[in-house]
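The structure appears right after this line, and notes come after that.
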Amino acid sequence: MKKTYWYLIVSILIIISTLSITFAITQQYSHHNNNDLIPNYYRNSGSTPPLPSRLQFADEEVPLDVYYVREALDKELIINCYQHSKTLQIIKRSGRFFPVIEPILKEEGVPEDFKYLCVAESALDNVVSPAKAAGFWQFLPTTAKNYGLEVRDEVDERYHLEKATHAACKYLKNSYKKYNSWALAAAAYNMGDGNVNICSSKQECSNYWDLNMNSETARYVYRILAYKLIMDNPRIYGYDYCEAQLYHPIPYKEVVVTSSIPDLYVFARDQDCSYKELKMLNPWLRSSKLTISDGLSYTIRIPNVNRESYFNLYRNIANPYTVVGDTVFHY
């Protein structure tokens, strides 16, 4: 009888302990956002990045039930997930440049997903390709001029983000009119309309997902989709950051100039900014002088906050920190 009594007491104690632990765990997770409960697949370097069950590009369905489509996307996700430093830098740059690109895409009637085409082209950096394509949207000189961008020794508007984005939108819309497919319009941006026409005609196929293309273009739209998935769902793919860690837009004022500037070093000092800042805000200025023909004008951006003020604008936005000794590390 005593033995049964003690078994009963022990059982009750076990049940109470189990319920207490369960309650404590529930309370702990109740304070987290739902996103905190999403498994972080990427943190284990041997993990395969997760694939969605359904995906769209520019409101067009991606046929992920086709094995070669799914495997091609899987390949690009693995590649871009494991380019840690490059992908993280892109995410940080997006805080500065997506607010410029997104409104222009909307104004031009181009789907917002094409901001990821810009990522795939240049990693949101003013790079120059071996073929001499330049800027965020990687225009060749001839194509840039055909779409209204000025390209000369002193001025190269391929590096003017707003103007180049408008030009890219015009190119993409022209391609969409030809193919009635945003995926093919993206492919044409990479390989040119002529090459898309040749591929489509020879194979009697007008579907990007089923066309056999050169290796670069065959991967191109999948790379765009990989960036879309990673940047829309960064925590799922292992990229943790807070808003303050992004690179934010630089506040500026505009100065309209109608006469030539023989020395941009002097101009920068007169505007109370460094030559470096002048070039950062106006990368389309490709020389140390600016020659302006009669009747023309240029709008030049000048920072309207000093360097320290800019930093303080964003350092405290949801910005956790750690103190080690006398040093404060902001995340």
Side-chain angles (χ1 to χ4, degrees), residues 58 89-177 182 185-193 216-217 220-221 223-224 227-228 231 247-250 252 254-257 264 277-287 290 292 296-303:
Q89 286 180 78
I90 290 170
I91 290 170
K92 288 197 167 194
R93 290 180 192 135
S94 70
R96 176 167 294 164
F97 299 116
F98 275 0
V100 177
I101 294 170
E102 290 167 350
I104 296 174
L105 294 176
K106 184 175 182 180
E107 176 189 341
E108 292 279 1
V110 173
E112 189 174 309
D113 279 352
F114 279 91
K115 66 187 181 185
Y116 301 111
L117 180 147
C118 188
V119 171
E121 284 288 335
S122 65
L124 300 180
D125 198 6
N126 278 316
V127 295
V128 180
S129 76
K132 305 303 179 185
F136 277 37
W137 291 95
Q138 289 290 280
F139 275 106
L140 291 168
T142 302
T143 309
K145 292 175 183 178
N146 289 341
Y147 280 86
L149 298 179
E150 184 178 353
V151 180
R152 60 185 177 94
D153 289 343
E154 294 180 5
V155 172
D156 191 337
E157 291 182 332
R158 293 179 295 171
Y159 297 96
H160 192 299
L161 181 55
E162 287 86 346
K163 291 185 178 182
T165 302
H166 280 291
C169 287
K170 290 179 174 60
Y171 188 107
L172 290 164
K173 287 191 292 186
N174 285 343
S175 295
Y176 181 75
K177 287 177 183 177
W182 286 116
Y189 196 91
N190 179 255
M191 71 185 308
D193 289 342
E216 182 183 346
T217 309
Y220 188 67
V221 178
R223 186 159 71 250
I224 295 169
Y227 279 122
K228 173 183 176 176
M231 297 178 76
Y247 303 149
H248 292 79
I250 301 170
Y252 63 84
E254 294 183 334
V255 176
V256 178
V257 292
L264 285 171
E277 288 180 290
L278 178 70
K279 287 290 192 149
M280 286 177 63
L281 279 175
N282 305 277
W284 54 272
L285 290 170
R286 307 307 294 175
S287 175
L290 177 61
I292 303 177
L296 297 181
S297 65
Y298 291 91
T299 300
I300 297 177
R301 293 173 178 174
I302 308 295

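Side chains included, hydrogens not; waters and symmetry mates left out as well; all remaining heavy atoms used.
- Residues Gln89 and Tyr247 bring no donor and acceptor atom of their side chains to less than 3.5 Å of each other.
- Taking the ring-ring contact (aromatic ring centres under 6.0 Å, His included) definition, one finds that Tyr227 meets it with nothing, sequence neighbours left out.
- Legend: residues meeting salt bridge (charged side-chain N to carboxylate O under 4.0 Å, His left out) with Glu254, ordered by chain and number and at least two apart, are Arg301.
- Distance NE2/His160 to CG/Leu149: 10.0 Å, rounded to 0.5 Å.
- Applying the side-chain hydrogen bond (donor to acceptor under 3.5 Å, both in side chains) rule to pairs touching residues 122-138 yields Trp137-Thr165, sequence neighbours excluded.
- Not a single salt bridge (charged side-chain N to carboxylate O under 4.0 Å, His left out) links Lys106 to another residue, sequence neighbours left out.
- Residues forming a ring-ring contact (aromatic ring centres under 6.0 Å, His included) with Tyr189 (at least two apart in sequence, or on another chain): Tyr171.
- By the salt bridge (charged side-chain N to carboxylate O under 4.0 Å, His left out) test, Arg158 is found to be paired with Asp156, residues two or more places apart in sequence or in another chain being considered.
- Residues passing the side chain to side chain donor-acceptor pair (under 3.5 Å) test with Tyr176, sequence neighbours excluded: Asn180.
- Scored by the side chain to side chain contact (heavy atoms under 4.5 Å, CB included) test, Glu150 finds Arg152, Val155, Glu157, Tyr298 as partners (sequence neighbours excluded).
- Scanning for side chain to side chain contact (heavy atoms under 4.5 Å, CB included) contacts around Lys145 gives Val151, with sequence neighbours left out.
- When the side chain to side chain contact (heavy atoms under 4.5 Å, CB included) test is applied to Leu296, the partners found at least two apart in sequence or on another chain are Ile292, Ser293.
- Scored by the ring-ring contact (aromatic ring centres under 6.0 Å, His included) test, Phe136 finds Phe97 as partners (sequence neighbours excluded).
- To the nearest 0.5 Å, atom OG of residue Ser287 and atom CG of residue Asp153 are 8.0 Å apart.
- When the side chain to side chain contact (heavy atoms under 4.5 Å, CB included) test is applied to Ser94, the partners found at least two apart in sequence or on another chain are Phe98, Leu124, Met231.
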